[in-house]
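The basis for the numbers below is simple: all heavy atoms, side chains too, and nothing from hydrogens, waters or symmetry mates.
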Amino acid sequence: MKRRIVAVGAALLVLVGCAGNTASGGPKTPAVSSSSGASGPTVEMTSTSVSGPWRAWTASLSSREAHGSCGATAHQVVCATDSGGFVGRSRADGRITWTVPAGDRGKSAGLLVDAADERAVTGVAGRIRAANLRTGAQAWTRRLPTGRAYLAFGAADGNVYALHAPDPFTGTAAVLDAVRASDGRPLWHRTVVWSTGEPLAAFRGRVYTSDGTRVTARDARTGNTVATSPTSAECPHLVTGGHYLVCTGSPFSAGDTFPPMRRLDPATLRPLPTPRNTIDKPVRGVISEDGVLVLYEAGAEDTSAGNWNAYDLENDRRLWSTYATEADATVAGGRFVTFTPGNDATRGRVLTIDLHAGPQGTGDAAPRMSAAYAQTRDGEHPVLVTPGGNTGHVVVMARTHGSLRSLPLP
């Protein structure tokens with residue numbers, strides 16, 4: 001299964017640097033032209049000075065952390081282990097500041113870092129755990145009956161939403177629970193129709209789920225259904241972020257044609273004017289707070305190489321496109337953040353592109369990339385973790401040889 005990006009509502013993943021890159025940043029180096037020709041951007045290699053407590057560092061991960069997932073707030077990095085525990089790390093040097101041990105075994109629902117409610121939430125097999133981000137203490141736990149497992153999380157407005165189902169999941173009997181983030185107190189639960197791998201989105205008093213065909217909105221306080229997308233708006237896969245909902249073709253489809261991309265009104269789930277997408281297969285996407293969707297689209301038979309295509313959802317137009325090989329991506333500091341193509345001379349670097357100006361931007365809006373690091377190599381299966389706020393940093397999680405690197409956002 002391919003790695004995917006899921007945006008979850010309002011919720012929020014030691015040798016220092018290398019030559020010419022210090023904890024406070026280094027000088028600019030000359031621009032480097034991508035070897036992908038006209039399809040790729042010309043980028044500057046930069047290491048920008050950053051004020052504040054975030055610093056550049058590297059830290060090793062335990063095997064349990066490397067097989068889990070990591071997130072971050074403006075104050076720390078948090079990793080969830082594959083056994084259901086937590087590890088909190090300093091934003092200054094990556095050292096461990098607190099741990100919440102656990103010994104569960106089974107499928108993991110990943111990690112939810114809810115900065116607003118000071119909670120980290122993870123679930124392995126049939127147990128969900130929450131840790132206090134401020135103190136590092138275990139906040140609460142909940143356990144399911146034998147034979148069920150947690151599969152997805154969301155959070156907003158002081159609540160945590162957890163979806164669980166029979167294990168193995170056969171497409172029926174999924175349940176969405178709402179609990180209070182502070183103490184895990186149950187609020188409501190509803191049986192839902194859900195498709196494996198689809199995200200939970202929660203924002204502005206609504207919780208959204210998708211069954212691979214239609215999207216359902218529920219009132220966050222009661223769990224009652226308040227809207228359902230029309231049958232005319234096919235929704236094989238839901239991309240969420242920045243209070244936007246966009247339906248695309250499924251990244252798991254074996255077909256050669258895909259339904260048109262459609263933006264949905266979060267209140268009514270009716271289709272809104274949406275930019276026309278390419279004929280290629282949608283694989284993954286991220287959406288900025290101001291409504292720029294950047295979607296990785298590739299040939300249906302081989303998604304290892306394709307293009308990142310940017311769409312302005314508010315103004316109903318396509319903005320730019322750039323060649324890429326399949327990689328993780330995120331949005332930070334008003335820029336699209338990903339890795340340079342794995343078959344390019346500049347491979348193994350973090351690349352940032354202005355969301356609106358694209359790869360042809362100039363001046364402050366020009367594309368920029370980091371130096372090459374061990375953690376950013378394609379073979380490490382790197383994952384981007386953004387602390388949020390104005391930290392000016394991004395954290396790269398390397399899975400093959402488990403480690404983290406915090407570096408200034410190029």
Side-chain angles (χ1 to χ4, degrees), residues 2-5 13-23 25-37 39-48 50 55-61 65-66 69-70 72 77 94 283-284 286 294 296 298 302-308 322-333 335-354 359 366-387 392-410:
K2 302 290 187 182
R3 301 190 305 278
R4 300 173 60 186
I5 295 201
L13 195 161
V14 181
L15 299 174
V16 179
C18 65
N21 182 28
T22 67
K28 286 187 178 182
T29 58
V32 176
S33 178
S34 166
S35 65
S36 296
S39 60
T42 296
V43 298
E44 289 185 2
M45 289 178 54
T46 68
S47 183
T48 307
V50 176
R55 293 292 181 265
W57 45 263
T58 63
S60 296
L61 293 175
E65 290 175 275
S69 51
C70 293
V77 177
V283 180
R284 74 184 74 225
V286 293
V294 188
Y296 181 75
D302 181 7
T303 62
S304 62
N307 290 279
W308 286 109
T322 189
Y323 170 79
T325 53
E326 191 171 355
D328 197 18
T330 188
V331 173
R335 300 178 71 87
F336 173 67
V337 187
T338 188
F339 297 97
T340 50
N343 56 7
D344 192 283
T346 61
R347 62 185 176 274
R349 306 169 192 268
V350 175
L351 171 68
T352 71
I353 298 173
D354 184 275
R368 300 192 290 266
M369 68 181 178
S370 72
Y373 299 108
Q375 291 78 12
T376 56
R377 291 198 300 256
D378 184 63
E380 291 293 336
H381 303 292
V383 177
L384 292 162
V385 178
T386 52
H393 271 241
V394 64
V395 179
V396 178
M397 177 186 183
R399 290 193 177 277
T400 303
H401 300 91
S403 64
L404 295 174
R405 179 177 286 272
S406 170
L407 65 147
L409 190 68

Query - Distance, nearest 0.5 Å, that separates CG of D328 from OG1 of T338 - result: 7.0 Å
Query raised in the report: Does any N or O in the side chain of T303 come within less than 3.5 Å of the main-chain N or O of A298, such that one atom is a donor and the other an acceptor?
Result: no
Query raised in the report: With a 4.5 Å limit on heavy-atom distance, are the side chains of Y323 and N343 in contact?
Result: yes
Report summary line: Nearest heavy-atom contact between A398 and L61 is O-CD1, 4.5 Å
**Report entry** Polar side-chain atom of R335 near backbone of T352 as donor-acceptor pair, under 3.5 Å
**Finding:** yes
Report task. May I ask you to test the V396-E380 pair for a side-chain heavy-atom distance under 4.5 Å? Result -> no
**Report entry** Contact check, side chains of E326 and R284, non-hydrogen atoms, under 4.5 Å
**Finding:** yes
Query - Heavy-atom pair with the smallest gap, counting every atom of R347 and T340 - result: CA-OG1, 3.3 Å
Query raised in the report: What are the two closest non-hydrogen atoms of G402 and A66, and how far apart are they?
Result: CA-CB, 3.9 Å
Query raised in the report: Do T376 side-chain atoms and G348 backbone N/O form a donor-acceptor pair below 3.5 Å?
Result: yes
Query raised in the report: So do W57 and V77 actually touch side chain to side chain, heavy atoms under 4.5 Å?
Result: yes
Query - From CZ (R399) to CD (Q375), nearest 0.5 Å - result: 14.0 Å
Report summary line: To the nearest 0.5 Å, atom CZ of R349 lies from atom CG of L407 at 12.5 Å
Report task. Find the distance between CZ (F336) and CG (D354) and round it off to the nearest 0.5 Å. Result -> 12.5 Å
Report summary line: Heavy atoms of A56 and P408 approach each other most closely as CB-CD, 4.3 Å
Query raised in the report: What residue among T386, V350, V294 forms side-chain contact (heavy atoms from CB on, under 4.5 Å) with V337?
Result: V350
Query raised in the report: Looking only at heavy atoms, which two atoms of A324 and Y296 are closest? And how far apart?
Result: O-OH, 3.8 Å
Requested in this report: Side-chain contact test, heavy atoms from C-beta onward, threshold under 4.5 Å: evaluate it for H393 versus L409 and give yes or no.
Outcome: no
Query raised in the report: Looking at OG1 of T322 and CD1 of I353, how far apart are the two atoms once the value is rounded to the nearest 0.5 Å?
Result: 5.0 Å
Query raised in the report: Is there a side-chain contact between F339 and R377 (heavy atoms, below 4.5 Å)?
Result: no
